[in-house]
Amino acid sequence: MQVLVTGGAGYVGSHCAKALAAAGHVPVVYDNLATGNRWAVRYGPFEHGDITDLTRLTAVMDKHRIEAVMHFAALSDVGASTSDPLAYYAVNVVGTHRLLVAMRARGITRIVFSSTCAIYGMAGRSSALGEDTPALPISPYGQSKNTAERMIADSAVWGLGGVALRYFNAAGADEDGEIGEAHEPETHLIPLVLHAAAGLRPDIKIFGRDYPTRDGTCVRDYIHVADLAAAHVQALQRVEPGQFAAYNLGTGSGSSVLEVIDAVRRICGRPVVAIEAARRPGDPPELVADPARAHAALGFTASLTLDDMIESAWRFLVNHGNMDPRRA
Ligand code: UDP
């Protein structure tokens, strides 16, 4: 299949493009390179364009005879969304709207959507999160993704088939070392701890030690980006025109900030200076997926561990540490 991969130059999108190509599809990457990397587009054609550009989207769909869409193009920094919410609604909501308008105009009825556990807001406090947990996002980012999901779900009425994949914390890098996580600026825990281990930053700050968790630091369900990519390909095969479904993608078990830092020290064999700091606004204490529905419906099980994530991300950093993430 010719699959339009919006945001395919980004972290998760580029790994999914690779998995699509490996499964025999043609991933046509559509990206404005605002946060994506041109070097990460290696597995199919590249089309430069903005997700809000309806004319360009339609032209690219025609040119490549697109049959299905994987939609990653979005702004994705929770903290930034609280200071510039309109930017998040413009890209994530208006952009998804334009994409759906283009798909409807061209009769494309299959989409796999990159969603997030951020739509659940504070609900992760007590137990693992299932898909029927009410969506009560606490950030404009989470709200924008939730609205985009609703647009896709409501579009079943004109025949759209949609699968929303709600990721927990994506981490790790391609096992072949070709692509990996390279954000500028970097805000995610695992790459930042690795930067500290590599001496690229002096320390790692622990955002809050007084959470109601086993060691007082926040617990997250980290999932390997290669597992995420496999789930996307499985979801694409199961999209049914006129139907919508949402699945949580996680491992079902969480790691605390302290556990992540200790795992990096152990795996990299380097010291990491950790400094206690204030809580980061908007952080729920615990977010862990109940992955049962994705397993039942997609046959998906995360097979890679936190150690696999840290090892692959460390290899990518060591091999590409001097890579300018904005290099064309
Ligand atoms: N975190 C931290 N120090 C950092 C970056 C993140 O303690 O420098 C914590 C953060 O508060 C959260 C967890 O690590 O509890 C994972 O954060 P990340 O930004 O990687 O992902 P998020 O859960 O926000 O999607």
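Indexing begins at 1, ligand by ligand and atom by atom, following the structure's order.
At a cut-off of 3.5 Å, with distance as the only test, no side-chain donor of S114 or H71 sits close to an acceptor on the other residue. No hydrogens or angles considered: nothing links the side chains of Y30 and R56 as a donor-acceptor pair under 3.5 Å. The closest side-chain donor-acceptor pair between H224 and E175 falls under 3.5 angstrom.
Within a 6.0 Å radius of CZ in R65, other residues, nucleotides and ligands contribute 12 heavy atoms or fewer.
Here H188 has heavy atoms under 4.0 Å from ligand 1 in both its backbone and its side chain. Under 4.0 Å from ligand 1, the heavy atoms of Y222 that appear belong solely to its side chain. Only the side chain of I204 comes within 4.0 Å of ligand 1, counting heavy atoms alone; its backbone N, CA, C and O stay farther away.
Counting the atoms of ligand 1 from 1 in the order shown, those under 4.0 Å from a heavy atom of L192 are 8 (O). Every atom of ligand 1 with a heavy atom of K205 under 4.0 Å away is listed here by number and element: 2 (C), 3 (N), 4 (C), 7 (O), 8 (O). Of all the atoms in ligand 1, the ones that sit under 4.0 Å from a non-hydrogen atom of R220 are 15 (O), 16 (C), 23 (O). Shown in contact with D283 at under 4.0 Å from a heavy atom are these atoms of ligand 1, numbered in order with element: 10 (C), 11 (O), 12 (C), 15 (O). Atoms of ligand 1 found under 4.0 Å from any heavy atom of T187, numbered from 1 in the order shown, are 5 (C), 19 (O). Each of the atoms 7 (O) of ligand 1 lies under 4.0 Å from some heavy atom of I206.
For Y89 and H97, the distance between ring centers is not under 6.0 angstrom.
Taking each of H195, R201, R280 in turn, the one with a heavy atom nearest to atom 12 (C) of ligand 1 proves to be R280. Evaluated by nearest non-hydrogen atom to atom 15 (O) of ligand 1, the leading choice among G79, P284, C218 is C218.
In this structure, atom 22 (P) of ligand 1 lies nearest to the protein heavy atom N169 ND2, 3.4 Å.
Ionic pairing of R98 and D50 is not present here: no N-O contact between side-chain nitrogen and carboxylate oxygen is shorter than 4.0 angstrom.
Under a cutoff of 6.0 Å and an axis angle of 45°, R220 and F168 do not form a cation-pi pair.
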side-chain contact (heavy atoms from CB on, under 4.5 Å) between V29 and V41, intermediate numbers included: CA-CA 7 Å; V29 168; V41 184; 3.9 Å; yes

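Contact between V257 and ligand 1 is present, with at least one heavy atom of the residue lying under 4.0 Å from the ligand.
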